[in-house]
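A quick write-up on the structure given underneath.
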There are 2 protein chains.
Amino acid sequence: MSHVLGSRPVGVRQAQKQKTRQALLDAALRLLEEQSLSSLGLREVTRAVGVVPTAFYRHFRDTAELGVALVEEALGSLHTTLAAMLAATGDGEERVAGTVQLIASYVRAYPAHVRFIARERHGGVKAVREAIGGQLALFAREVADRFATEPRAAGWREEDLLMLARTYVDHMVMTASALLETDDEQQVTSTARHQLRLIGLGRDHWLD
Amino acid sequence: MSHVLGSRPVGVRQAQKQKTRQALLDAALRLLEEQSLSSLGLREVTRAVGVVPTAFYRHFRDTAELGVALVEEALGSLHTTLAAMLAATGDGEERVAGTVQLIASYVRAYPAHVRFIARERHGGVKAVREAIGGQLALFAREVADRFATEPRAAGWREEDLLMLARTYVDHMVMTASALLETDDEQQVTSTARHQLRLIGLGRDHWLD
DNA sequence: CGCCTGGGGTGACAACTGTTCACTGACTCA
DNA sequence: TGAGTCAGTGAACAGTTGTCACCCCAGGCG
């Protein structure tokens with residue numbers, strides 16, 4: 001008789017289903033640490049979960065659809081984090097360092113998700129590529145909109161603001177994946193900070 | 001009795017072998033346009049060439065080794081092109097436009113190679129990732145060395161020059177893969193030009 | 001010339017894949 | 001309470017995969 005508002009699983013039934021679904025996503029993400037989505041087998045995933053192959057179809061049409069769900073899981077919840085990151089006003093060296101540190105801690109917290117995004121951004125599954133591209137474009141828009149409200153953006157053309165935002169987003173993704181592959185985190189974060197400074201300088205002298 | 005110096009195929013035998021090897025590479029590259037290396041099957045490649053599966057082993061241990069060979073084919077010959085690109089002295093708007101145009105024409109000439117590099121740079125096969133990373137690091141070194149000879153580099157720290165070079169190389173790769181995925185080439189090249197201008201401005205004011 | 005090397009072919013193997021269909025039994029809800 | 005829903009099961013299918021030992025015969029070379 002009780003109605004649960006907002007949250008998805010309304011009964012024991014739905015809850016179990018979502019639990020299995022999440023188990024499939026988790027197992028897939030783990031398997032994808034050492035292979036690409038286009039070689040991920042449906043049986044491989046169900047075996048890792050401890051469930052019969054056909055159960056897979058109750059949740060996803062194929063592994064491509066699972067991939068799209070993973071994109072949502074990895075990037076969907078990042079919008080709020082990004083907003084917080086942008087809200088930290090102030091500029092200069094400590095702002096730059098803070099940004100890079102935030103990226104580093106995110107990579108440390110969710111390495112598998114980051115790896116997945118970096119790997120499948122140009123991967124072999126079209127639907128997943130497009131899902132990631134869409135999310136990143138959304139990020140760029142959000143960043144650009146944020147910039148537009150700041151006094152530094154006075155005199156900037158709309159499209160140049162978007163270009164600048166794209167540069168920042170691209171740099172973020174590249175730094176994240178570089179952090180995954182290196183074992184010298186200091187080296188990577190240092191380079192990332194200097195690159196941000198470089199972009200910041202270009203930004204300051206854009207209107208000449 | 002005649003000795004051919006330098007060039008590889010010294011006899012009809014060797015020539016045939018290299019011909020088959022090249023056919024395997026070509027077929028693989030074509031198949032990789034719509035999948036990742038980690039899902040590329042050995043049989044799939046030989047079938048496309050019109051050769052029996054076991055013949056594959058005469059040339060490569062497995063598909064990973066073929067992938068490394070593809071990296072060499074795609075990036076190995078690019079060093080000279082890159083040198084030419086850097087040799088074009090002069091700066092400012094037309095230099096930037098020329099650079100972007102050169103990238104665009106390279107993508108148009110070898111789209112499959114570019115796609116392969118973008119896809120496997122963070123792909124599921126470790127050996128291939130490392131091969132690509134090594135080549136790109138080499139590019140960055142070459143660019144940095146070139147910069148070091150220019151008067152603009154006066155006062156720059158060695159590691160900052162390398163950082164700058166990496167930024168340019170990364171930007172090149174990103175622009176190339178962006179050109180592959182878009183259908184609006186003008187849009188992408190325009191953004192790329194503006195990003196180069198942004199970096200150039202940062203470069204000009206680095207020593208403040 | 002005639003032996004030898006080795007790229008390519010044959011056929012077969014066990015293991016694996018995605019997808020189908022009919023099923024069971026715990027949960028839902030009027 | 002009793003009928004219906006549906007997440008997960010079980011078995012079977014037609015293909016596919018990588019790898020094997022063995023054979024063939026054109027090209028290389030003394």
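Every chain is numbered from 1 and lettered A, B, ... according to where its sequence line falls, protein lines coming before strand lines. The structure displayed is predicted, hence computed values, not measured ones.
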Between [X] and [Y], is any pair of side-chain heavy atoms under 4.5 Å apart?
X: A:Leu32; Y: A:Leu70; result: yes
X: A:Leu42; Y: A:Pro53; result: yes
X: B:Thr99; Y: B:Leu102; result: no
X: A:Val51; Y: A:Val45; result: no
X: B:Trp206; Y: B:Leu164; result: no

So, using side chain to side chain donor-acceptor pair (under 3.5 Å) as the criterion, who are the partners of B:Gln195 when residues are at least two apart?
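By the side chain to side chain donor-acceptor pair (under 3.5 Å) rule, B:Gln195 matches A:Thr167, B:His171.
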Run the side chain to side chain donor-acceptor pair (under 3.5 Å) test against A:Glu73 and tell me which residues pass, sequence neighbours left out.
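A:Gln22, A:His113.
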Provide the full list of salt bridge (Lys or Arg N to Asp or Glu O under 4.0 Å) pairs with a residue in residues 161-179 of chain A, sequence neighbours left out, each pair given once.
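Listed by first then second residue: A:Arg121-A:Asp170.
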Output every pair passing salt bridge (Lys or Arg N to Asp or Glu O under 4.0 Å) with a member in residues 53-71 of chain B, not counting sequence neighbours, ordered by first then second residue.
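Non-adjacent pairs meeting salt bridge (Lys or Arg N to Asp or Glu O under 4.0 Å): B:Arg61-B:Glu65.
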Which range-with-range stems can be found for DNA chain C when each stem has 3 or more Watson-Crick or G-U pairs in a row and both distances sit under 3.5 Å?
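As far as DNA chain C goes, consecutive pairing (with distances under 3.5 Å) yields the stems C:1-12 with D:19-30, C:14-17 with D:14-17, C:19-30 with D:1-12.
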Can you list everything that forms a side chain to side chain contact (heavy atoms under 4.5 Å, CB included) with A:Ala69? Sequence neighbours excluded, please.
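By the side chain to side chain contact (heavy atoms under 4.5 Å, CB included) rule, A:Ala69 matches A:Arg21, A:Leu25, A:Phe60.
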By side chain to side chain contact (heavy atoms under 4.5 Å, CB included) - contacts of A:Asp184 (at least two apart)
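Checked A:Asp184 against side chain to side chain contact (heavy atoms under 4.5 Å, CB included); matches are A:Thr182, A:Gln186, A:Gln187.
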Please list, by residue number, the residues of residues 19-45 of chain B whose heavy atoms come closer than 4.0 Å to an atom of DNA chain C; answer none if no residue qualifies.
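Hits under 4.0 Å, by residue number: B:Thr20, B:Arg43.
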Distance under 6.0 Å and angle within 45° of ring axis: A:Arg203 vs A:Phe147:
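Yes, A:Arg203 and A:Phe147 form such a contact.
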For chain A and DNA chain D, what are the first and last nucleotides along the strand, 5' to 3', with at least one atom under 4.0 angstrom from a heavy atom of the protein chain?
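Counting from the 5' end, contacts occupy D:dT5 to D:dA12.
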Acceptor/donor pairs from residues 128-141 of chain A side chains to any protein atom, 3.5 angstrom cut, sequence neighbours excluded:
from	atom 1	to	atom 2	distance (Å)
A:Arg129	NH1	A:Gly123	O	2.7
A:Gln135	OE1	A:His79	NE2	3.0
A:Arg141	NH2	A:Asp145	OD1	3.2
A:Arg141	NH2	A:Glu158	OE2	2.9

Donor-acceptor under 3.5 Å (B:Ser38 side chain, A:Ser39 main chain):
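No; zero donor-acceptor contacts below 3.5 Å.
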Which residues within residues 53-67 of chain A lie with some heavy atom under 4.0 Å of an atom in DNA chain D?
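Heavy-atom cutoff 4.0 Å gives A:Thr54, A:Ala55, A:Arg58, A:His59.
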Using a cut-off of under 3.5 Å, enumerate the N/O to N/O pairs linking the protein to nucleotides 28-30 of chain C.
from	atom 1	to	atom 2	distance (Å)
C:dT28	OP1	A:Val12	N	2.6
C:dT28	OP1	A:Arg13	N	3.0

Hey, are A:Arg157 and A:Glu159 close enough for a salt bridge, meaning a charged N less than 4.0 Å from a carboxylate O?
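Salt bridge: yes.
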Measure CZ/B:Arg47 against P/C:dG9 and give the value in whole Å, please.
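The answer, rounded to whole Å, is 15 Å.
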